[in-house]
Trainee: 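Before I ask anything, let me first share the structure, which is written out below as structure tokens.
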Number of protein chains: 2
Amino acid sequence: MKFDLIDLRLFIAVAEQNNLTKGAELVFLAPSSASHRIKQLEAHLETQLLVREPRGVTLTKAGDIVLRHAKKALATLEQMQSELYPFTDSMQTHVKLWANTNAIHTYLPDDLGQFLELHPHVKLILEEHGSDEIADAVAKGEIEIGIVAEQELNSEVMLFPYKHDRLVLIVPSRHKLAGAESIKFDQLVDFPFVILNEGSAIHTFTMNKAAMLNKHLNIRAQVKSFDAVCRMVSSNVGVAIVPHDSVCHQHELALSIIEIDETWSKRDLMICVNKHKELGSLVTELLRYLTKQKVRPGTL
Amino acid sequence: MKFDLIDLRLFIAVAEQNNLTKGAELVFLAPSSASHRIKQLEAHLETQLLVREPRGVTLTKAGDIVLRHAKKALATLEQMQSELYPFTDSMQTHVKLWANTNAIHTYLPDDLGQFLELHPHVKLILEEHGSDEIADAVAKGEIEIGIVAEQELNSEVMLFPYKHDRLVLIVPSRHKLAGAESIKFDQLVDFPFVILNEGSAIHTFTMNKAAMLNKHLNIRAQVKSFDAVCRMVSSNVGVAIVPHDSVCHQHELALSIIEIDETWSKRDLMICVNKHKELGSLVTELLRYLTKQKVRPGTL
DNA sequence: TACCTTATTCGTCTTTTACGAACGCTAATT
DNA sequence: AATTAGCGTTCGTAAAAGACGAATAAGGTA
């Protein structure tokens, strides 16, 4: 066994991209190096793993086997690091995390709350900043980790997907807005609204947006779950603003989904960390934790 | 994750030996290199894995975790190679295997038979030679793999345990030989014998040894299993020669076990392969297979 | 006290590995 | 039909990693 973990990570990346160059980039290698490494790997295993095609690569059967086991092996080692965390020397006790408004008002409270519960000794220093500012601070090493919205940022940071979601308007199928592609928020403040319980993040958020337009939302119903929101809307009680992911699989309901054409409706959040600096174990742990969190419809 | 597979193998070896120097040797590293590697590993994991004591090392709790996961990860990769075997390029079709008399007449037929069944395209070229001769041929690369008896051989070969067993004499507890430390074969050819079915390897072997002394064994009973042999002997039917491992756990029977003081009674068999040459996948597979075989009492 | 075992440090040398530039190949484009 | 764009590979060079042996340190043992 003469290959190493970089080979495995590279191979996984290449396999998932079906593209050697892109895969190489994901593990910070030049294409030439990647090509060389994979050739060595194939030589050591005495097996062809990829078929090189003019537009990328595809896996052979042997490649599938390697992909599967490589993933498993790396997962084992990730798990190891995770379990190792409590024993880590020089245990870091605080992390500076900056996040944009969206993140701080939506997903973060829940996620961080859970994380802090799991790690009682940890202190988070959480601040709200603009995405560009956050990325710069991460690049300069002023903070360890940030959560931002934009994709195009300071190229000195490494990005991981955090949440991928957007707020949409749902209306009954026969509503006069039904079928519209997208809509501005100010076009709908006068419609009757179905919203979540007072105090929920999205409730507050929506009310604030309306207030900024000097409007007062016409609240027809307040309910306790996204499920209930959808049902109310489909029963013609009113319209509602909800995360797209919490509605997409309610196909049995007579709903029409409309994009909201506002910057705040986009909620693709990315985690960014310094590209070059070695991450402390606590940051690694936090990053691991946050990237594991999936969108949980109905929680927001 | 900046460590590599060598680190993991090294760590496992060191952990199992509780000794850095010996562990290093197992993975063909100088102690200095091993020390350096493990220090790096500890640095990368930000965790102390070993406590260095004057007589070797012991594992910390973190070390235990690493040991467990490292083993699992490596096992995954071994499994991968194993599954990969059928896809291997330049699939080797024959292997030269030399073995000493013992091995050829005892364990090998069974094990090789099974192996060949699993690999229908493989041809084995099996020859019988003396252990030293075999080791030299392996060292020179004339044959890929050998099975030998002695431990002290040409140091250019790498050894793996194959079978660890020895033939012993069993007699009834009240037999006049009972309690003896050891005995020569010629001292017992006149006792009545219980032996395995005609045709079994050990039967043929024993008969041949007697014939070499110009004696004819006094066969009192032939039975079909080692279990039966033990029962017959404990019932005073006669004495018997059996593999030690097939008798050791028959404590309820009134048996006395006596060493046989002959070279052929030692059946510690080792597999040897070339220390420096990269092993072909077929040889790897065979080696993997043979080292997995455990002594199966009652099979011989 | 002298000695042994075992791990570590240091300086040197070899091997490994990454990179960029040039190249070859194929499919899509003009 | 010629051109362009996307990909993977090859090659030479430069830098980094890694292995080794000798010397060292630290703690038990005879």
Side-chain angles (χ1 to χ4, degrees), chain A residues 1-45 47-60 62-63 66-67 89 155 158 275-278, chain B residues 1-45 47-60 62-63 66 89 155-156 158 275-278:
Chain A
M1 232 185 289
K2 282 185 68 190
F3 52 89
D4 63 19
L5 294 176
I6 299 175
D7 290 325
L8 296 184
R9 271 192 289 273
L10 168 65
F11 182 78
I12 292 173
V14 169
E16 290 183 338
Q17 304 284 321
N18 286 317
N19 180 316
L20 192 147
T21 305
K22 294 210 182 82
E25 194 180 349
L26 283 182
V27 294
F28 306 105
L29 281 179
S32 59
S33 311
S35 174
H36 187 230
R37 283 198 98 107
I38 289 208
K39 186 170 301 177
Q40 294 288 337
L41 179 62
E42 290 181 317
H44 289 313
L45 297 177
T47 316
Q48 192 181 343
L49 303 176
L50 305 174
V51 291
R52 279 74 169 172
E53 286 164 353
R55 291 285 149 164
V57 298
T58 54
L59 294 191
T60 60
V66 172
L67 178 60
D89 303 331
S155 66
M158 183 153 44
K275 199 170 195 167
H276 306 290
K277 209 166 66 175
E278 189 77 10
Chain B
M1 234 187 288
K2 281 185 72 192
F3 51 90
D4 63 18
L5 294 176
I6 299 175
D7 290 324
L8 296 184
R9 272 193 287 274
L10 169 65
F11 182 77
I12 292 173
V14 168
E16 290 183 337
Q17 304 286 320
N18 286 318
N19 179 316
L20 192 147
T21 306
K22 294 209 181 81
E25 193 180 349
L26 284 182
V27 294
F28 307 105
L29 282 180
S32 57
S33 310
S35 174
H36 185 233
R37 283 197 99 107
I38 291 208
K39 185 171 302 178
Q40 293 290 333
L41 180 62
E42 289 182 318
H44 287 132
L45 298 177
T47 316
Q48 191 181 345
L49 303 176
L50 305 174
V51 291
R52 279 74 168 172
E53 287 164 352
R55 290 284 152 173
V57 297
T58 55
L59 294 191
T60 60
V66 172
D89 304 331
S155 66
E156 291 308 294
M158 183 152 44
K275 199 170 195 168
H276 306 290
K277 209 165 67 175
E278 189 78 8

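Sequence lines set the chain letters: A, B, ... in the order given, protein chains first and strands last, and positions in each chain run from 1.
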Trainee: Please give, in whole Å, the distance from D:dA16 P to A:Phe28 CZ?
Mentor: 19 Å
Trainee: Using whole Å, report how far CG of A:Asp4 lies from P of C:dT16.
Mentor: 12 Å
Trainee: Output the single nucleotide from D:dG6, C:dT8, C:dC4 whose closest atom is nearest the side chain of A:Arg55.
Mentor: D:dG6
Trainee: What's the closest nucleotide to the A:Pro31 side chain, out of C:dT17, D:dT9, C:dA7?
Mentor: D:dT9
Trainee: Nearest whole angstrom, please: distance from the P of C:dT6 to the CG of B:Leu50.
Mentor: 15 Å
Trainee: Below the 4.0 Å mark, does C:dA18 have OP1 or OP2 next to a side-chain nitrogen or oxygen of A:Arg37?
Mentor: yes
Trainee: So how far is it from A:Phe11 CZ to A:Leu41 CG, rounded to the nearest 0.5 Å?
Mentor: 7.0 Å
Trainee: I'd like to know if the side chain of B:His44 reaches the main chain of B:Gln40, judged simply by a donor and an acceptor atom lying under 3.5 Å from each other, with no hydrogens or angles considered.
Mentor: yes
Trainee: Distance-only, no hydrogens or angles: does the B:Ser32 side chain make a donor-acceptor pair with backbone N or O of B:Ala30 under 3.5 Å?
Mentor: no
Trainee: Taking all atoms of both residues into account, what is the closest heavy-atom pair of A:Ala13 and A:Val27, and its distance?
Mentor: CB-CG1, 4.3 Å
Trainee: Does OP1 or OP2 of C:dT8 have a side-chain N or O of B:Arg52 closer than 4.0 Å?
Mentor: yes
Trainee: Expressed as a whole number of angstroms, how long is the span from A:Glu53:CD to D:dT9:P?
Mentor: 12 Å
Trainee: Any salt bridge (Lys or Arg N to Asp or Glu O under 4.0 Å) pairs touching residues 29-43 of chain B, not counting sequence neighbours?
Mentor: B:Asp4-B:Arg37, B:Asp7-B:Arg37, B:Glu42-B:Arg52
Trainee: Roughly, in whole Å, what's the span from CG in A:Leu29 to P in C:dG20?
Mentor: 11 Å
Trainee: Separation of A:His36 atom NE2 from D:dT13 atom P, in whole Å?
Mentor: 16 Å
Trainee: For DNA chain D, determine which residues of residues 19-27 of chain B have any heavy atom closer than 4.0 angstrom to one of its atoms, and list them numerically.
Mentor: none
Trainee: In this structure, how many angstroms lie between the C1' atom of D:dG6 and the CG atom of A:Asn18, rounded?
Mentor: 15 Å
Trainee: Which nucleotide, D:dT29, C:dT9, C:dA7, lies nearest any side-chain atom of B:Lys39?
Mentor: C:dT9
Trainee: Can you say whether a donor on the side chain of B:Ser33 sits under 3.5 Å from an acceptor on the base of D:dG18, or the other way round?
Mentor: no
Trainee: For the base of C:dG20, is there a side-chain donor-acceptor partner from A:Ser32 under 3.5 Å away?
Mentor: yes
Trainee: Just compare C:dC19, C:dA27, C:dT17 and give me whichever is closest to any side-chain atom of A:Pro54.
Mentor: C:dA27
Trainee: Rounding to a whole Å, what distance do you find between A:Gln17:CD and D:dC7:C1'?
Mentor: 14 Å
Trainee: Could you go through A:Ile38 and A:Leu49, starting from their C-alpha distance and side-chain angles, then the distance that decides it, and tell me whether this counts as side-chain contact (heavy atoms from CB on, under 4.5 Å)?
Mentor: CA-CA 9 Å; A:Ile38 289 208; A:Leu49 303 176; 5.6 Å; no
Trainee: Could you pick out which residue, A:Ala30 or B:Ser35, lies toward the 5' side of DNA chain C when each is mapped onto its nearest nucleotide?
Mentor: B:Ser35
Trainee: Rounded to the nearest 0.5 Å, how far does CG of A:Leu50 lie from CG of A:Leu59?
Mentor: 6.0 Å
